[in-house]
Number of protein chains: 2
Amino acid sequence: MLKNPVVLLDLVDRLANLMRSEFRRIGSEEGLQPVHIQALMFLEQANRFSNTPQALAEYLGLTKGTVSQSLLLLDRRGLIERYQDEFDKRVVRLRLSQLGEAFLSESTPAALWQTATRDISANRVRFSVSVLRSIVYELQNYNGGPPFGVCSTCIYCQRKSQRIHHCTWFGERLSGPETRKICREQVPKTGYLSVAE
Amino acid sequence: MLKNPVVLLDLVDRLANLMRSEFRRIGSEEGLQPVHIQALMFLEQANRFSNTPQALAEYLGLTKGTVSQSLLLLDRRGLIERYQDEFDKRVVRLRLSQLGEAFLSESTPAALWQTATRDISANRVRFSVSVLRSIVYELQNYNGGPPFGVCSTCIYCQRKSQRIHHCTWFGERLSGPETRKICREQVPKTGYLSVAE
DNA sequence: GGGGTATGGTATCGGTTCGATACTAAAAAA
DNA sequence: TTTTTTAGTATCGAACCGATACCATACCCC
């Protein structure tokens, strides 16, 4: 038997290449590159602690200088908005503009992926997610970068009541929808790293 | 619950980005780009029906012109060898040179991945492989490109005896090791697309 | 056969990405 | 206050990458 972990790496690479082609196809209509699509998708999902150029750079595995250029382009096209952080004036906050949101909802970069996965049971998807998530966690352990996981599966995320959550890392209240976004400081609960087989 | 297929896409993208950074790190010592590492890894695994520039282009999701340039560079560096096909003189065959093999075995681009996955059980890896494989298969169905799977899991691969296999697509004999390589014409057996849960 | 078409590969061009470096401004530390 | 660290930007050059054009070989059809 071929060493399975390498096969898995191969599949991940290939899936990424296929989606990269898809993103290129989608972006070409607007003159956007695959990396721009990825950036927009990240901003769609990043929570309010993670919507900065630095976080995006770490997420994409690129240097901040490189990402800065891409953001400049997205800003010129009116797809994102940049504004200064309220407390730390060095920090730039990013969000999708109306145009950016409209672009994403019209071009739906994940549509092909949705189609390709529609016949896979929720259980199988969930299982694979847990496996890949643990690999991401390990990889970034050796890499030094932040893990970027969903807020609600984080050890710092505590449920206070039906609708109120609390992040003990940032010490701030979170709404329900917020806990479903991606956070750069996320540390996954062990239950989400090793799901029973 | 956040829509899980999209989470899966996110993880795949992120894993690919992490490995891309790793490939960049590894390649920088030799002045190679991530795409060159990917090409070398592909050539290490491609079987004798799939070791052409065209196949590599489809595998990477790039145009043949683009890939031709990368191959030129790898050839100049002495990492690969190019030779004419015996029967179809338009076709160029590719293989790793001794130097190329040495480079891969020394730099071991997959080492980090191996480390990150060492604590994941073979069963969980196998399960995830089957899920991702079916997504690749679906994606390329809509994309038109070849699927690129492992020969031994192909409907055209028939076992004749202990050591002899036969490909009913190309109509040629295959050795045991050959059936563990990657083929562009692979059509997965259904058993490898939907594994029981 | 022979002419048209399809296919695999290369060459060249220009636009874009990307890392490296240097720089500014703000925050944190000493 | 001075020094150091951190977030972000600007600039430059190398490389990727797609588009187009082109060549050689193979295939098809009359």
Side-chain angles (χ1 to χ4, degrees), chain A residues 17 20-39 49-77 80-94 144-146 184, chain B residues 17 20-39 46 49-77 80-94 144-146 184-185:
Chain A
N17 285 338
R20 188 182 167 83
S21 298
E22 169 74 359
F23 291 164
R24 192 179 295 281
R25 199 181 58 74
I26 287 173
S28 66
E29 299 165 16
E30 293 279 336
L32 296 177
Q33 303 290 324
V35 68
H36 298 139
I37 308 288
Q38 286 191 293
F49 308 120
S50 314
N51 57 351
T52 69
Q54 179 68 19
L56 179 59
E58 284 159 353
Y59 184 83
L60 296 176
L62 304 177
T63 63
K64 57 183 183 172
T66 298
V67 167
S68 183
Q69 297 312 304
S70 297
L71 290 173
L72 215 61
L73 183 147
L74 291 173
D75 195 5
R76 280 199 302 267
R77 300 284 177 90
I80 64 171
E81 291 166 3
R82 308 199 283 181
Y83 56 101
Q84 215 175 32
D85 183 80
E86 191 177 353
F87 303 108
D88 188 336
K89 286 183 178 164
R90 295 170 305 178
V91 173
V92 171
R93 296 281 164 190
L94 306 167
R184 61 187 300 198
Chain B
N17 286 337
R20 189 182 167 82
S21 297
E22 170 73 0
F23 290 164
R24 191 179 295 282
R25 199 183 58 74
I26 287 174
S28 67
E29 300 165 15
E30 292 278 338
L32 296 178
Q33 302 290 325
V35 69
H36 299 139
I37 308 288
Q38 286 191 295
F49 308 121
S50 314
N51 57 352
T52 69
Q54 180 68 20
L56 178 59
E58 286 159 352
Y59 184 83
L60 295 176
L62 304 176
T63 62
K64 57 182 184 172
T66 297
V67 167
S68 184
Q69 297 313 304
S70 297
L71 290 173
L72 214 62
L73 183 146
L74 290 174
D75 195 5
R76 279 200 303 266
R77 300 283 177 90
I80 64 171
E81 290 165 3
R82 309 200 281 180
Y83 57 100
Q84 216 174 32
D85 182 81
E86 190 177 353
F87 304 107
D88 188 336
K89 288 185 176 160
R90 296 170 304 177
V91 174
V92 171
R93 296 280 164 191
L94 306 167
R184 60 185 302 198
E185 297 296 344

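Order of the sequence lines fixes the chain letters, A, B, ..., with proteins taken first and strands second; residue numbering starts at 1 for each chain.
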When B:Lys64 and B:Gly31 are each assigned the nearest nucleotide of DNA chain D, the 5'-most assignment goes to B:Gly31

Contacts satisfying salt bridge (charged side-chain N to carboxylate O under 4.0 Å, His left out) that involve residues 51-72 of chain B (not counting sequence neighbours) are B:Glu58-B:Arg184

Review point. Is the closest side-chain heavy-atom distance between A:Gln38 and B:Asn17 below 4.5 Å?
Key: yes

Contact check, residues 80-92 of chain A vs DNA chain D, heavy-atom distance under 4.0 Å, returns A:Arg82, A:Arg90, A:Val91, A:Val92

Quick one: does B:Arg93's side chain get under 4.5 Å of B:Val91's, heavy atoms only?
yes

Pick base, sugar-phosphate or nothing for B:Val67, based on heavy-atom distances below 4.0 Å to the nucleic acid.
nothing

In numerical order, the residues of residues 51-59 of chain B whose heavy atoms come under 4.0 Å of DNA chain D are none

Less than 4.5 Å apart, side chain to side chain, heavy atoms only: is that true for A:Thr52 and A:Asp85? no

Shortest non-hydrogen pair, B:Val67 vs B:Ala57, comes out as CG2-CA, 3.6 Å

Discussion item. Can you tell me if B:Thr66 touches the phosphate of D:dC16, counting only side-chain N or O atoms and a distance under 4.0 Å to OP1 or OP2?
Written reply: no

In whole angstroms, the gap separating P of D:dA10 from CG of A:Asp75 amounts to 11 Å

Applying side-chain contact (heavy atoms from CB on, under 4.5 Å) to A:Val92 and not counting sequence neighbours gives A:Pro53, A:Arg82, A:Leu94

Numerically ordered, the residues 22-29 of chain A set in heavy-atom contact under 4.0 Å with DNA chain C is none

Please state whether the phosphate of C:dT10, meaning OP1 or OP2, lies under 4.0 angstrom from any side-chain nitrogen or oxygen of B:Ser68. yes

Overall bend of the helix from C:dG1-D:dC30 to C:dA30-D:dT1 (five pairs an end, 10° steps) is 30°

Are any of B:His36's side-chain N or O atoms less than 4.0 Å away from OP1 or OP2 of D:dC16? yes

Atom CG of A:Leu73 and atom C1' of D:dA10 are separated, to the nearest Å, by 16 Å

